[in-house]
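Predicted model only: the values in this text are computed from it and were never measured. Side chains included, hydrogens not; waters and symmetry mates left out as well; all remaining heavy atoms used. Just so you know, residue 1 is the first one in the sequence shown, and it goes up from there.
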Amino acid sequence: MATYIDALSALADPTRRAIFECLADGPKAVGQLAEGLPVSRPAVSQHLRVLKEAGLVVDRAVGTRRLYQLNPAGLGTLRAWLDRFWDQALAAFAAAAESESESEQADD
């Protein structure tokens, strides 16, 4: 099972990030992805393999082509990890705001 570390490592490459962002618009074949990138179709396929191994992308056969799309489960793993930091940041902000409010009330 892929982890958030796998996802972050896969997205560290700018070409893979570009592919990932392109797939946010919907499923695409390798050829469609390669059209907008400065790399060859075989290179796009290799990047897709890394994204797939990281759990960020899934593929399915449609006729003679394979369509790639974002994997909601893989995105969920990454989001859960990021949400942990968001929750901690919100809690720290709330505590700081409450402390400041109490300090201002004590000064009055």
Side-chain angles (χ1 to χ4, degrees):
M1 172 152 176
T3 66
Y4 72 90
I5 294 171
D6 299 323
L8 291 173
S9 294
L11 292 173
D13 181 273
T15 302
R16 283 194 285 273
R17 272 196 316 276
I19 292 169
F20 181 80
E21 290 171 8
C22 188
L23 289 174
D25 295 334
K28 293 188 177 41
V30 173
Q32 291 173 293
L33 292 165
E35 286 174 5
L37 297 169
V39 295
S40 66
R41 286 175 62 141
V44 170
S45 293
Q46 290 175 348
H47 286 297
L48 285 165
R49 182 178 45 80
V50 173
L51 290 167
K52 187 175 175 182
E53 289 172 357
L56 295 171
V57 169
V58 293
D59 64 328
R60 61 187 163 89
V62 177
T64 59
R65 301 184 320 160
R66 296 207 72 74
L67 288 183
Y68 291 84
Q69 64 188 49
L70 297 183
N71 179 5
L75 292 173
T77 300
L78 184 56
R79 181 175 179 179
W81 180 76
L82 290 170
D83 280 348
R84 187 181 85 203
F85 295 101
W86 178 252
D87 293 343
Q88 288 173 346
L90 285 178
F93 177 77
E98 188 175 304
S99 175
E100 187 174 315
S101 176
E102 289 172 359
S103 176
E104 288 175 358
Q105 289 176 0
D107 289 342
D108 289 340

Worksheet entry | Rounded distance [0.5 Å steps], CZ in R79 versus CZ in R84 | 15.5 Å
Worksheet item: Which ILVMFWY residues can you reach from I5 by hopping between side chains whose heavy atoms are under 4.5 Å apart?
Response: Y4, L8, L11, I19, F20, L23, V30, L33, L37, V39, V44, L48, L51, L56, V57, Y68, L70, L75, L78, W81, L82, F85
Response to the item:
Hits for salt bridge (charged side-chain N to carboxylate O under 4.0 Å, His left out) against R65, two or more places apart or cross-chain, chain-then-number order -> none
Response to the item:
Scanning both residues in full, the closest heavy-atom pair of A10 with A54 reads CB-CB, 3.7 Å
Practice prompt. Taking all non-hydrogen atoms of both residues into account, name the closest pair between Q32 and K28 and its distance.
Written response: OE1-CA, 3.3 Å
Compile the donor-acceptor pairs under 3.5 Å between side chains in residues 90-100 and protein atoms, sequence neighbours left out, one pair per line.
none

Discussion item. Between E21 and R17, does any side-chain N to carboxylate O distance fall below 4.0 Å?
Written reply: no
Fill in: For R66 against A61, the heavy-atom pair lying closest together
NH1-CB, 3.4 Å
Worksheet entry | Point-to-point distance, once rounded to the nearest 0.5 Å, from OG of S45 to NZ of K52 | 11.0 Å
Worksheet entry | Heavy-atom pair of closest approach, residues S9 and R16 | O-NH2, 4.2 Å
Discussion item. Keeping N71 on the side-chain end and V58 on the backbone end, is there a donor-acceptor pair under 3.5 Å?
Written reply: no
Worksheet entry | Flag, side chain of R41 to backbone of A34, donor-acceptor distance under 3.5 Å | no
